[in-house]
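Everything on this sheet refers to the single structure shown next.
As a basis for the values below, the full set of heavy atoms in this structure was taken, side chains included, without hydrogen atoms, waters or symmetry mates. Naming: A, B, ... by sequence-line order, numbering from 1 per chain.
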2 protein chains.
Amino acid sequence: MRITSRGRYAVLAMVDLAKFGSQKPCSLSHVSIRQNISLSYLEQIFNDLKKAELVKSQKGPGGGYILNKDKDKIKILDIFNAIDEKIKTTGCGNNPNAFCSGTNKKCLTHNFWENLEGVIGNYLSTVHLSDLVEEQTLVK
Amino acid sequence: MRITSRGRYAVLAMVDLAKFGSQKPCSLSHVSIRQNISLSYLEQIFNDLKKAELVKSQKGPGGGYILNKDKDKIKILDIFNAIDEKIKTTGCGNNPNAFCSGTNKKCLTHNFWENLEGVIGNYLSTVHLSDLVEEQTLVK
DNA sequence: TAATAACCTACCAAATTAGTCAACTATCTA
DNA sequence: TAGATAGTTGACTAATTTGGTAGGTTATTA
(Lines give C-alpha, C1' and ligand atoms only; values in the text may rest on other atoms or scores of the structure.)
Protein backbone atom coordinates (compact mmCIF):
# COMPACT_ATOMS: atom_id res chain seq x y z
CA MET A 1 0.00 0.00 0.00
CA ARG A 2 2.16 2.78 -1.18
CA ILE A 3 2.11 5.87 -3.27
CA THR A 4 4.56 6.52 -6.08
CA SER A 5 7.13 9.30 -5.99
CA ARG A 6 5.35 10.70 -9.00
CA GLY A 7 2.20 11.18 -6.93
CA ARG A 8 4.09 12.58 -4.00
CA TYR A 9 6.01 14.98 -6.22
CA ALA A 10 2.87 16.12 -8.01
CA VAL A 11 1.16 17.11 -4.78
CA LEU A 12 4.31 18.70 -3.40
CA ALA A 13 4.90 20.69 -6.59
CA MET A 14 1.30 21.87 -6.66
CA VAL A 15 1.57 23.09 -3.08
CA ASP A 16 4.74 24.90 -4.06
CA LEU A 17 2.94 26.45 -7.02
CA ALA A 18 0.03 27.46 -4.81
CA LYS A 19 2.51 29.25 -2.59
CA PHE A 20 4.66 30.87 -5.26
CA GLY A 21 2.61 30.80 -8.44
CA SER A 22 -0.92 31.81 -7.68
CA GLN A 23 -0.44 35.35 -8.97
CA LYS A 24 2.23 35.17 -11.66
CA PRO A 25 3.88 32.30 -13.54
CA CYS A 26 6.46 30.29 -11.69
CA SER A 27 9.14 28.36 -13.59
CA LEU A 28 9.66 24.69 -12.98
CA SER A 29 13.35 25.27 -12.44
CA HIS A 30 12.44 27.23 -9.32
CA VAL A 31 10.09 24.52 -8.11
CA SER A 32 12.81 22.01 -8.89
CA ILE A 33 15.33 23.81 -6.69
CA ARG A 34 12.97 24.61 -3.83
CA GLN A 35 11.51 21.11 -3.58
CA ASN A 36 14.54 19.15 -4.72
CA ILE A 37 12.80 17.39 -7.60
CA SER A 38 14.47 16.66 -10.95
CA LEU A 39 13.47 19.29 -13.53
CA SER A 40 12.91 16.84 -16.38
CA TYR A 41 10.72 14.73 -14.17
CA LEU A 42 8.70 17.78 -13.14
CA GLU A 43 8.19 18.63 -16.80
CA GLN A 44 6.60 15.25 -17.43
CA ILE A 45 4.34 15.64 -14.42
CA PHE A 46 3.25 19.17 -15.36
CA ASN A 47 2.44 17.99 -18.84
CA ASP A 48 -0.29 15.89 -17.29
CA LEU A 49 -1.39 18.56 -14.84
CA LYS A 50 -1.85 20.92 -17.77
CA LYS A 51 -3.89 18.44 -19.76
CA ALA A 52 -6.19 18.15 -16.76
CA GLU A 53 -6.45 21.94 -16.74
CA LEU A 54 -5.21 22.28 -13.19
CA VAL A 55 -2.43 24.62 -14.37
CA LYS A 56 -1.76 26.95 -17.29
CA SER A 57 1.61 27.52 -18.90
CA GLN A 58 3.38 30.55 -20.30
CA LYS A 59 6.45 30.12 -22.46
CA GLY A 60 9.45 32.38 -22.68
CA PRO A 61 11.28 34.51 -20.18
CA GLY A 62 9.23 35.37 -17.13
CA GLY A 63 6.95 32.47 -18.04
CA GLY A 64 6.24 29.31 -16.17
CA TYR A 65 3.22 27.62 -14.71
CA ILE A 66 0.32 29.15 -12.83
CA LEU A 67 -2.69 27.60 -11.13
CA ASN A 68 -5.72 27.45 -13.40
CA LYS A 69 -8.21 27.41 -10.52
CA ASP A 70 -8.48 28.77 -7.04
CA LYS A 71 -6.37 26.75 -4.63
CA ASP A 72 -9.42 26.02 -2.52
CA LYS A 73 -11.13 24.56 -5.58
CA ILE A 74 -8.42 22.00 -6.30
CA LYS A 75 -8.82 18.70 -4.48
CA ILE A 76 -5.88 16.41 -3.88
CA LEU A 77 -7.94 13.77 -5.64
CA ASP A 78 -7.95 15.98 -8.75
CA ILE A 79 -4.15 15.89 -8.76
CA PHE A 80 -4.15 12.12 -8.38
CA ASN A 81 -6.54 11.77 -11.30
CA ALA A 82 -4.58 14.20 -13.45
CA ILE A 83 -1.36 12.23 -13.25
CA ASP A 84 -3.15 8.89 -13.33
CA GLU A 85 -2.14 7.94 -9.81
CA LYS A 86 -4.78 5.28 -9.41
CA ILE A 87 -6.36 4.24 -6.18
CA LYS A 88 -6.44 0.61 -7.01
CA THR A 89 -6.76 -2.10 -4.44
CA THR A 90 -8.98 -4.64 -6.19
CA GLY A 91 -7.45 -7.28 -8.42
CA CYS A 92 -9.95 -6.82 -11.20
CA GLY A 93 -9.44 -3.11 -11.69
CA ASN A 94 -13.04 -2.29 -10.86
CA ASN A 95 -14.15 -3.18 -14.33
CA PRO A 96 -17.73 -4.32 -13.76
CA ASN A 97 -17.30 -6.97 -16.42
CA ALA A 98 -13.98 -8.26 -15.17
CA PHE A 99 -13.62 -11.00 -12.64
CA CYS A 100 -11.10 -11.30 -9.88
CA SER A 101 -8.00 -13.47 -10.15
CA GLY A 102 -9.02 -15.30 -13.30
CA THR A 103 -12.07 -16.90 -11.79
CA ASN A 104 -15.60 -16.60 -13.06
CA LYS A 105 -16.86 -14.39 -10.30
CA LYS A 106 -15.91 -11.60 -7.92
CA CYS A 107 -13.52 -12.81 -5.27
CA LEU A 108 -14.42 -13.14 -1.59
CA THR A 109 -12.71 -9.89 -0.75
CA HIS A 110 -13.83 -7.76 -3.66
CA ASN A 111 -16.31 -5.65 -1.69
CA PHE A 112 -13.78 -5.05 1.04
CA TRP A 113 -11.22 -3.61 -1.37
CA GLU A 114 -13.83 -1.43 -2.99
CA ASN A 115 -14.79 -0.07 0.40
CA LEU A 116 -11.15 0.70 1.16
CA GLU A 117 -10.85 2.58 -2.11
CA GLY A 118 -13.92 4.54 -1.10
CA VAL A 119 -12.41 5.48 2.25
CA ILE A 120 -9.21 6.72 0.61
CA GLY A 121 -10.94 8.52 -2.25
CA ASN A 122 -13.28 10.20 0.14
CA TYR A 123 -10.43 11.55 2.22
CA LEU A 124 -8.57 12.81 -0.84
CA SER A 125 -11.72 14.64 -1.90
CA THR A 126 -12.04 16.50 1.34
CA VAL A 127 -8.53 17.94 1.32
CA HIS A 128 -7.82 20.90 -0.94
CA LEU A 129 -4.59 22.52 -2.02
CA SER A 130 -5.40 25.51 0.17
CA ASP A 131 -5.49 23.26 3.25
CA LEU A 132 -1.91 22.16 2.62
CA VAL A 133 -0.61 25.66 1.92
CA GLU A 134 -1.94 26.82 5.25
CA GLU A 135 -0.98 23.73 7.14
CA GLN A 136 2.68 23.91 6.14
CA THR A 137 3.33 26.66 8.62
CA LEU A 138 2.73 24.01 11.28
CA VAL A 139 5.39 21.72 9.86
CA LYS A 140 8.68 21.91 11.63
CA MET B 1 -1.72 4.16 -4.55
CA ARG B 2 -1.98 0.49 -4.92
CA ILE B 3 -1.75 -2.67 -2.99
CA THR B 4 0.47 -5.56 -4.01
CA SER B 5 -0.91 -8.90 -5.13
CA ARG B 6 0.87 -10.32 -2.14
CA GLY B 7 -1.33 -8.24 0.17
CA ARG B 8 -4.46 -9.01 -1.78
CA TYR B 9 -3.69 -12.72 -1.80
CA ALA B 10 -2.91 -12.76 1.92
CA VAL B 11 -6.29 -11.30 2.83
CA LEU B 12 -8.10 -13.51 0.34
CA ALA B 13 -6.36 -16.64 1.57
CA MET B 14 -7.09 -15.76 5.20
CA VAL B 15 -10.77 -15.32 4.39
CA ASP B 16 -10.69 -18.69 2.67
CA LEU B 17 -9.05 -20.19 5.73
CA ALA B 18 -11.62 -18.60 8.00
CA LYS B 19 -14.32 -20.26 5.90
CA PHE B 20 -12.73 -23.66 5.49
CA GLY B 21 -10.10 -23.94 8.17
CA SER B 22 -11.46 -22.61 11.41
CA GLN B 23 -12.16 -26.07 12.82
CA LYS B 24 -9.62 -28.40 11.24
CA PRO B 25 -6.45 -27.81 9.19
CA CYS B 26 -6.86 -26.80 5.61
CA SER B 27 -4.09 -27.48 3.10
CA LEU B 28 -2.69 -24.72 0.98
CA SER B 29 -3.25 -26.77 -2.15
CA HIS B 30 -6.98 -26.48 -1.51
CA VAL B 31 -6.76 -22.74 -0.92
CA SER B 32 -4.66 -22.53 -4.07
CA ILE B 33 -7.32 -24.21 -6.17
CA ARG B 34 -10.31 -22.43 -4.65
CA GLN B 35 -8.79 -18.95 -4.87
CA ASN B 36 -6.66 -19.46 -7.95
CA ILE B 37 -3.38 -18.47 -6.31
CA SER B 38 -0.04 -20.16 -7.04
CA LEU B 39 0.73 -22.74 -4.37
CA SER B 40 4.40 -21.80 -4.05
CA TYR B 41 3.50 -18.18 -3.63
CA LEU B 42 0.94 -19.06 -0.95
CA GLU B 43 3.60 -21.02 0.91
CA GLN B 44 5.78 -17.93 1.13
CA ILE B 45 2.88 -15.83 2.34
CA PHE B 46 1.81 -18.35 4.98
CA ASN B 47 5.35 -18.54 6.24
CA ASP B 48 4.98 -14.92 7.28
CA LEU B 49 1.46 -15.36 8.60
CA LYS B 50 2.73 -18.15 10.80
CA LYS B 51 5.62 -16.09 12.16
CA ALA B 52 3.07 -13.47 13.14
CA GLU B 53 1.10 -16.21 14.90
CA LEU B 54 -2.05 -15.58 12.92
CA VAL B 55 -2.10 -19.23 11.81
CA LYS B 56 -0.76 -22.55 13.02
CA SER B 57 0.52 -25.35 10.80
CA GLN B 58 0.20 -29.10 10.95
CA LYS B 59 2.38 -31.26 8.75
CA GLY B 60 1.56 -34.59 7.18
CA PRO B 61 -1.62 -36.05 5.74
CA GLY B 62 -4.76 -34.30 6.95
CA GLY B 63 -2.58 -31.39 7.97
CA GLY B 64 -2.54 -27.85 6.73
CA TYR B 65 -3.04 -24.46 8.24
CA ILE B 66 -5.59 -23.38 10.79
CA LEU B 67 -6.42 -19.99 12.28
CA ASN B 68 -4.57 -19.33 15.51
CA LYS B 69 -7.15 -16.84 16.81
CA ASP B 70 -10.84 -16.26 16.55
CA LYS B 71 -11.73 -14.76 13.20
CA ASP B 72 -13.36 -11.79 14.89
CA LYS B 73 -10.09 -11.13 16.71
CA ILE B 74 -8.01 -10.86 13.54
CA LYS B 75 -7.88 -7.39 12.02
CA ILE B 76 -7.05 -6.88 8.37
CA LEU B 77 -4.30 -4.60 9.61
CA ASP B 78 -2.78 -7.58 11.44
CA ILE B 79 -2.52 -9.40 8.13
CA PHE B 80 -0.91 -6.39 6.49
CA ASN B 81 1.64 -6.17 9.28
CA ALA B 82 2.34 -9.90 9.20
CA ILE B 83 3.35 -9.91 5.56
CA ASP B 84 5.03 -6.52 5.79
CA GLU B 85 2.55 -4.82 3.48
CA LYS B 86 3.43 -1.30 4.52
CA ILE B 87 1.10 1.64 4.51
CA LYS B 88 3.65 4.11 3.32
CA THR B 89 2.79 7.39 1.68
CA THR B 90 5.44 9.73 3.03
CA GLY B 91 8.79 10.08 1.28
CA CYS B 92 10.82 9.89 4.44
CA GLY B 93 9.43 6.60 5.70
CA ASN B 94 8.08 8.15 8.91
CA ASN B 95 11.45 7.98 10.50
CA PRO B 96 11.29 10.91 12.92
CA ASN B 97 14.94 11.67 12.29
CA ALA B 98 14.75 11.46 8.51
CA PHE B 99 13.95 14.36 6.26
CA CYS B 100 11.86 14.44 3.15
CA SER B 101 13.34 14.40 -0.33
CA GLY B 102 16.91 15.02 0.69
CA THR B 103 16.23 18.40 2.23
CA ASN B 104 17.00 19.44 5.74
CA LYS B 105 13.41 19.54 6.94
CA LYS B 106 10.04 17.89 6.58
CA CYS B 107 8.50 18.67 3.20
CA LEU B 108 5.43 20.88 2.74
CA THR B 109 3.17 17.87 2.41
CA HIS B 110 4.55 15.65 5.14
CA ASN B 111 1.66 16.10 7.55
CA PHE B 112 -0.86 15.46 4.83
CA TRP B 113 0.66 12.08 3.95
CA GLU B 114 0.81 11.07 7.58
CA ASN B 115 -2.86 11.91 7.98
CA LEU B 116 -3.68 9.78 4.94
CA GLU B 117 -1.79 6.87 6.46
CA GLY B 118 -3.83 7.35 9.60
CA VAL B 119 -7.10 7.24 7.70
CA ILE B 120 -6.14 4.01 5.94
CA GLY B 121 -4.68 2.33 9.01
CA ASN B 122 -7.72 3.23 11.02
CA TYR B 123 -10.05 1.65 8.50
CA LEU B 124 -7.97 -1.52 8.33
CA SER B 125 -8.17 -1.76 12.11
CA THR B 126 -11.93 -1.65 12.16
CA VAL B 127 -12.44 -4.52 9.73
CA HIS B 128 -11.98 -8.06 10.99
CA LEU B 129 -11.74 -11.36 9.18
CA SER B 130 -15.18 -12.29 10.42
CA ASP B 131 -16.67 -9.25 8.67
CA LEU B 132 -15.36 -10.50 5.33
CA VAL B 133 -16.48 -14.08 5.85
CA GLU B 134 -20.00 -12.91 6.47
CA GLU B 135 -19.99 -10.26 3.79
CA GLN B 136 -19.05 -12.65 1.02
CA THR B 137 -22.57 -14.03 0.85
CA LEU B 138 -23.51 -10.62 -0.53
CA VAL B 139 -20.96 -10.82 -3.31
CA LYS B 140 -22.39 -11.89 -6.63
C1' DT C 1 18.33 38.14 -31.48
C1' DA C 2 19.72 35.96 -27.43
C1' DA C 3 18.09 34.12 -23.47
C1' DT C 4 14.54 31.75 -21.24
C1' DA C 5 11.35 28.31 -20.41
C1' DA C 6 7.97 25.17 -21.93
C1' DC C 7 7.49 21.00 -24.77
C1' DC C 8 8.60 16.50 -26.66
C1' DT C 9 10.78 12.04 -27.48
C1' DA C 10 13.73 8.48 -26.70
C1' DC C 11 16.26 5.90 -23.76
C1' DC C 12 17.85 3.57 -19.48
C1' DA C 13 19.01 1.40 -14.91
C1' DA C 14 17.44 -0.05 -10.60
C1' DA C 15 13.92 -1.89 -7.89
C1' DT C 16 9.90 -4.46 -7.21
C1' DT C 17 6.70 -7.95 -8.16
C1' DA C 18 5.01 -12.25 -8.91
C1' DG C 19 6.11 -15.81 -9.46
C1' DT C 20 8.89 -20.90 -10.72
C1' DC C 21 11.80 -24.66 -9.47
C1' DA C 22 14.02 -27.92 -6.76
C1' DA C 23 15.32 -30.05 -2.84
C1' DC C 24 14.45 -31.13 1.90
C1' DT C 25 12.00 -32.30 6.36
C1' DA C 26 8.37 -33.78 9.28
C1' DT C 27 4.38 -36.52 10.09
C1' DC C 28 0.61 -39.49 9.48
C1' DT C 29 -1.53 -43.65 7.84
C1' DA C 30 -1.94 -47.97 5.63
C1' DT D 1 8.07 -49.18 8.02
C1' DA D 2 7.18 -47.43 3.38
C1' DG D 3 5.03 -44.05 1.03
C1' DA D 4 2.18 -40.27 0.55
C1' DT D 5 1.13 -35.86 2.19
C1' DA D 6 2.18 -31.32 3.34
C1' DG D 7 5.04 -27.74 5.14
C1' DT D 8 9.89 -25.37 4.72
C1' DT D 9 13.54 -23.16 2.53
C1' DG D 10 16.35 -20.92 -0.76
C1' DA D 11 17.82 -19.76 -5.26
C1' DC D 12 16.53 -18.02 -9.40
C1' DT D 13 13.99 -15.25 -13.04
C1' DA D 14 10.95 -12.76 -16.30
C1' DA D 15 8.12 -8.91 -16.61
C1' DT D 16 6.76 -4.59 -15.12
C1' DT D 17 7.11 -0.27 -12.90
C1' DT D 18 9.59 3.46 -11.35
C1' DG D 19 12.35 7.27 -11.42
C1' DG D 20 14.76 9.20 -13.71
C1' DT D 21 18.54 11.31 -17.80
C1' DA D 22 19.69 13.27 -22.26
C1' DG D 23 18.95 15.82 -26.03
C1' DG D 24 16.62 18.45 -29.00
C1' DT D 25 12.55 21.71 -30.66
C1' DT D 26 9.41 25.53 -30.27
C1' DA D 27 7.53 29.75 -28.50
C1' DT D 28 8.10 34.18 -26.25
C1' DT D 29 9.93 38.31 -24.65
C1' DA D 30 13.32 41.57 -22.97
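Minimum heavy-atom separation, A:I76 to A:H128: CD1-C, 4.4 Å. The shortest non-hydrogen separation linking B:L116 to B:M1 is CD2-SD, 4.3 Å. Summarising the geometry of A:K73 relative to A:D78, their closest heavy-atom pair is O-OD2, 4.0 Å, with the distance given to 0.1 Å.
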Short N/O separations, protein against nucleotides 15-17 of chain D, under 3.5 angstrom:
none

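For A:I45 and D:dT21, the CD1 to P distance is 12 Å, given to the nearest whole Å. As rounded to whole Å, 11 Å separates atom P of D:dT29 from atom NZ of A:K59. Counting to the nearest Å, the C1' atom of D:dG20 and the CZ atom of A:R8 are 14 Å from each other. In this structure, A:L39 atom CG and D:dG19 atom C1' are separated by 15 Å, rounded to whole Å. In this structure, A:Q44 atom CD and C:dT9 atom C1' are separated by 10 Å, rounded to whole Å. Taking atom CD of A:E43 as the reference point, atom P of D:dG19 lies 18 Å away to the nearest angstrom. The separation between B:L42 atom CG and D:dT9 atom C1' is 16 Å, rounded to whole Å. For the pair A:R6 CZ and D:dG20 P, the interatomic distance rounds to 11 Å; values are reported in whole Å.
Both A:N47 and A:G63 lie near DNA chain C, and the one whose nearest nucleotide falls closer to the 5' end is A:G63.
Using bins of under 30°, 30° to 60° and over 60° for the plane-to-plane angle, the ring pair A:F112/B:Y123 lands in the parallel bin.
A donor-acceptor contact closer than 3.5 angstrom is absent between the side chains of A:S38 and A:S40.
Counting any heavy atom pair closer than 4.0 Å across all strands shown, A:Y65 reaches sugar-phosphate atoms only and no base atom.
Listed by first then second residue, pairs satisfying salt bridge (charged side-chain N to carboxylate O under 4.0 Å, His left out) with a partner in residues 36-61 of chain B read B:R6-B:D48, not counting sequence neighbours.
For D:dT29, the base has no donor-acceptor partner in the side chain of A:Q58 [N/O atoms by modelled type, under 3.5 angstrom].
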